[in-house]
Amino acid sequence: MAESLLILISIVIGIIWSQIISHWGASILLHRYYCHKQFEVPVWFEVIGLYMLMVAVIRTPIGWIASHRMHHHHSDGPEDPHAVKHVGFWKVLLTTWDIPNIPVRYAKDLYANPRLVFCHKYWKHIWVANWVISFLISPYFFVAFALVPFVFAKIGFGLLNTVGHKTEGGANVPWLNLFIAGEGYHKEHHYDSKKIRLHKYDTAGWIAEKLFTRG
Ligand SMILES: [Zn+2]
Ligand SMILES: [Zn+2]
């Protein structure tokens, strides 16, 4: 088979895998469950979802969750860790912003979860191992199962924090759903962070509502 066709197939598989990760790992587990405790999930689901998040290289989940809680508390203000107005568009789009220290109250409960602590400590090791093993299996496997999900997650988070906040307090931007699993109704989410399904086209919200019991 021609090499260019194999690369194309790898990218298509990578996009399908990225959609699975963005729905189950990023939206349902990381955002709706860990950040906002909208419902309960079983431990096996946490383990699988966290693995997906490590594939997407979200770095430390504890840092992600705590900074997202800070973002809700200080939306678009100077203490919002990724407010475009204060941090700058490109830094937010490329997720190169940093938080010198996160107040302990945003992360205190997270350290009681051994699965989160494990990923917090070893995310770099898991990242390197995942990339090396994927590449050793095959460069095409690496593209589909490691590289595309990494790029896709970067784009998704960057777009959510910039375009999803083009107006203060969050904006509803339906095309964002292609990258962030139904969370394009971000204004709706800021209005009520406990609301599971944000819109009829909120696909991850629909799945969560069907499968999990409200917390
Ligand atoms: Zn927001
Ligand atoms: Zn949120």
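The figures that follow rest on heavy atoms only: side chains count, while hydrogens, waters and symmetry mates do not. For ligands, and for the atoms within them, numbers begin at 1 and follow the listed sequence.
With the Zn ion (ligand 2) as the vertex, NE2 (His36) and NE2 (His68) define an angle of 110°, rounded to 10°.
Neighbouring protein atoms of the Zn ion (ligand 1) (N, O or S, distance under 2.8 Å, waters ignored): His71 NE2, His165 NE2, His186 NE2, His190 NE2.
In this structure, the ring-ring contact (aromatic ring centres under 6.0 Å, His included) partners of Phe212, at least two apart in sequence or on a different chain, are Phe39, Phe45. Partners of Thr96 according to the side-chain hydrogen bond (donor to acceptor under 3.5 Å, both in side chains) rule, which considers only residues two or more places apart in sequence or in another chain, do not exist here. Residues passing the ring-ring contact (aromatic ring centres under 6.0 Å, His included) test with Phe157, sequence neighbours excluded: Trp64.
Less than 6.0 angstrom separates the ring centroid of Trp131 from the ring centroid of Phe150. Between His74 and His82, the gap from one ring centroid to the other reaches at least 6.0 Å. For His68 and His73, the ring centers sit 6.0 Å or farther from each other.
When distances from the Zn ion (ligand 2) to the N, O or S atoms of His31 are compared, NE2 comes out shortest.
A cation-pi contact, defined as under 6.0 Å to the ring centre and within 45° of the axis, links Lys37 to Tyr33.
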